*Asks:* 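Take this structure, written in structure tokens, and hold onto it; I'll ask about it next.
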Amino acid sequence: MISPRYHREKPQRYRLEAGKCTKCGEIHFPPRKVCRKCFAREFETVELPRRGKVVTCTTVWIPPAEFDDQKPYVNAIVELENGVRLTVMISEAPPDEVDIGTEVEIVFRRLQHGPAWEVIRYGYKARVIAG
Amino acid sequence: MYGIVGYGAYVPRFRIKAEDIANQWGADAEAFKRGLLLEEKTVPGPDEDTITISVAAARSALVRAGIDPQLIGACYIGSESHPYAVKPSGTVVIDALGIGPECHVADFEFACKAGSEAMYVAYSHVKSGEMKYALGIGADTSQGAPGDALEYTASAGGSAFIMGGDNLVAEILHTYSFTSDTPDFWRREGEFYPRHAGRFTGEPAYFHHVLSATRGILDRSGMEPADFRYAVFHMPNGKFPLKAGKTLGFTQEQMEQGWVVNLMGNTYSGSSPTGLAACLDVAKPGDHILITSFGSGAGSDSFILRCTDRLPKVQGLAPTVRGLLADRRIHLGYGKYVAYRGKIRMNEV
Ligand SMILES: [Zn+2]
């Protein structure tokens, strides 16, 4: 069944909602309870920019079973336009299309297909921006 | 005046060529391509469905509209391929876009015209003053049975339209609908692939409804084919819309821009709406556009639009349909295609 955690994480998985520390301005993604920089506990919700560049990446040839239909695919650490970094699966791109510095945009995709009786999980992935 | 405030389209990156389907089934590839006037069709990736296509198209519509998503009071998605039998696609789509929860949401179904229905109801809501903005989407990841003629055309993509009463990119001047009980194409609950009644699909279904709806709206508006810069007719294949348009007195030149089927296939609920989006991508202020959808069962919706001065300012803010159709296509072989479309029976993981 669908986990409470997935449901709770929807604002970040669906809309890239991050926590911006109201004291020092540090942006946390995923959001945190305590600022890692100044230890303050108050945050405002901000939506992350959707464009960024690949900082580093690796090709996954032997994925967890639920991603088997998509192999080989690339997992990457992407730095968004505001400097925030996130780990993300690159959708629809053959591995040789993705490298350090490749420009990507965050898109909304199916994360897990699951069996037919299960709720479908959606969230963010990245795709290579047209060159 | 009421009409479109923002629009957006999306098609997946993957394609399969008509000849690769023909070769698989021992059919005459050239005859099929000639008969359908179709080169290739779009194929959804393994992580794409009507919901993700709707989100992508609507995000572009929001960018072009430049409005706060919270002001959207309704979200209607027309599709023949909603991922859930029970749970509206719109529930996920509004959450992903930051719309709602104060929002009316419903999924529409009417074979290939569910998208224009969603647009019509969204438009009616803002026109009645019930809400400031409303979102209507047509999107599909259509399936044709292996080897069936539909397999050459059934494709994936969609378009989204935000309706409103200010900052319009195109006014909607007239609407018209024409519906009858015609058993040309259907799918009963629990069946995986749709069925079509061969000879019913042409004259009594597609042509009767498309011609009647278009003649109806022309009559009601007092306009003639020559008054339009662009005309879009539902595209189940390449030939039908061109034949319908010619019968009605429209020229090749008027139909060319919205005729995206040769490179996209039939995106069902997303077909004529994406043709309209392709016209909005290049139209100039004052241009008139006619669009007539068709859905089996059967019915047609017609709209007459006039583009405003704001349109050219938003055209470049999001991907164009022609740009998406040309953008870094990946051509799949037949084997990969059936795997992506879930036509291979696998062990459950
Ligand atoms: Zn801080």
Side-chain angles (χ1 to χ4, degrees), chain A residues 2 6-7 9-17 45-51 63-73 88-98 102-103 105-131, chain B residues 10-15 43-60 62-63 69 82-87 89 91-100 141 192 318-320 323-332 336 338-342 344 346-349:
Chain A
I2 194 135
Y6 169 77
H7 199 70
E9 289 176 351
K10 268 201 313 185
Q12 72 206 47
R13 288 183 186 277
Y14 276 29
R15 297 189 298 274
L16 291 185
E17 284 186 8
T45 300
V46 294
E47 231 175 88
L48 295 179
R50 295 183 169 272
R51 287 188 170 228
E66 63 263 36
F67 303 123
D68 211 49
D69 58 343
Q70 293 166 64
K71 75 178 185 232
Y73 60 85
V88 63
M89 181 167 157
I90 310 285
S91 179
E92 76 188 36
D96 61 10
E97 212 178 74
V98 189
T102 301
E103 289 192 55
E105 64 177 329
I106 304 295
V107 290
F108 187 77
R109 290 292 165 93
R110 255 170 128 128
L111 296 184
Q112 275 173 312
H113 206 62
W117 64 82
E118 183 59 281
V119 167
I120 306 164
R121 296 183 184 203
Y122 294 91
Y124 62 82
K125 286 191 183 181
R127 79 191 292 244
V128 176
I129 293 174
Chain B
Y10 177 79
V11 294
R13 233 190 126 167
F14 300 103
R15 303 285 189 280
V43 180
D47 58 359
E48 295 186 290
D49 60 21
T50 289
I51 287 176
T52 65
I53 289 169
S54 296
V55 169
R59 199 177 290 289
S60 289
L62 276 167
V63 168
H82 292 291
Y84 289 100
V86 178
K87 178 170 166 52
S89 299
T91 56
V92 181
V93 171
I94 61 160
D95 207 341
L97 296 169
I99 300 170
T141 56
F192 192 64
T320 63
L324 287 163
L325 288 173
D327 177 27
R328 303 161 309 141
R329 290 167 293 170
I330 294 177
H331 287 95
L332 305 174
K336 193 84 183 164
V338 290
Y340 274 21
R341 296 307 283 124
I344 297 179
M346 308 284 284
N347 273 334
E348 295 285 358
V349 291

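Letters go in sequence order (proteins before strands), and every chain restarts at 1. Everything quoted here is computed from the prediction, not taken from an experiment.
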*Asks:* Do the non-hydrogen side-chain atoms of A:F108 and B:V93 ever get within less than 4.5 Å of each other?
*Replies:* no
*Asks:* Do you know which two heavy atoms are closest between B:I330 and A:E92, and how far apart they sit?
*Replies:* CD1-O, 3.5 Å
*Asks:* Where on A:R127 is there a heavy atom nearer than 4.5 Å to chain B: the side chain, the backbone, both, or neither?
*Replies:* side chain
*Asks:* Can you tell if the side chain of A:V119 reaches within under 4.5 Å of the side chain of B:K87, non-hydrogen atoms only?
*Replies:*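 No, their side chains stay 4.5 Å or more apart.
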*Asks:* Relative to chain A, which segment of B:A339 carries a heavy atom at a distance below 4.5 Å: side chain, backbone, both, or neither?
*Replies:*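 Contact with chain A involves no heavy atom of B:A339 at all.
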*Asks:* Heavy-atom distances under 4.5 Å only: say whether A:E97 touches chain B with side chain, backbone, both or neither.
*Replies:* side chain
*Asks:* Do A:Y122 and B:P83 come close enough that some side-chain heavy atom pair is under 4.5 Å?
*Replies:*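 With C-beta onward as the side chain, the pair touches.
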*Asks:* So, for B:R13 and A:P94, which heavy atoms are closest and what is the spacing to 0.1 Å?
*Replies:* NH1-CD, 4.3 Å
*Asks:* What option among B:D47, B:T52, B:D95, B:I53 has the most heavy-atom pairs under 4.5 Å with chain A?
*Replies:* B:D47
*Asks:* If you measure from CZ on A:R109 to CD1 on B:I51, what distance do you get to the nearest 0.5 Å?
*Replies:* 13.5 Å
*Asks:* Name the one of B:L97, B:V55, B:V92, B:I94 that satisfies side chain to side chain contact (heavy atoms under 4.5 Å, CB included) with A:Y14?
*Replies:*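 So the option named by the test is B:V92.
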*Asks:* Does A:R50 have more than 12 heavy atoms from other residues, nucleotides or ligands lying within 6.0 Å of its CZ?
*Replies:* yes
*Asks:* Quick check on the interface: out of A:R15, A:E47, A:Q112, A:R13, who has the most heavy-atom pairs with chain B under 4.5 Å?
*Replies:*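 Counting heavy-atom pairs under 4.5 Å, the top option is A:R15.
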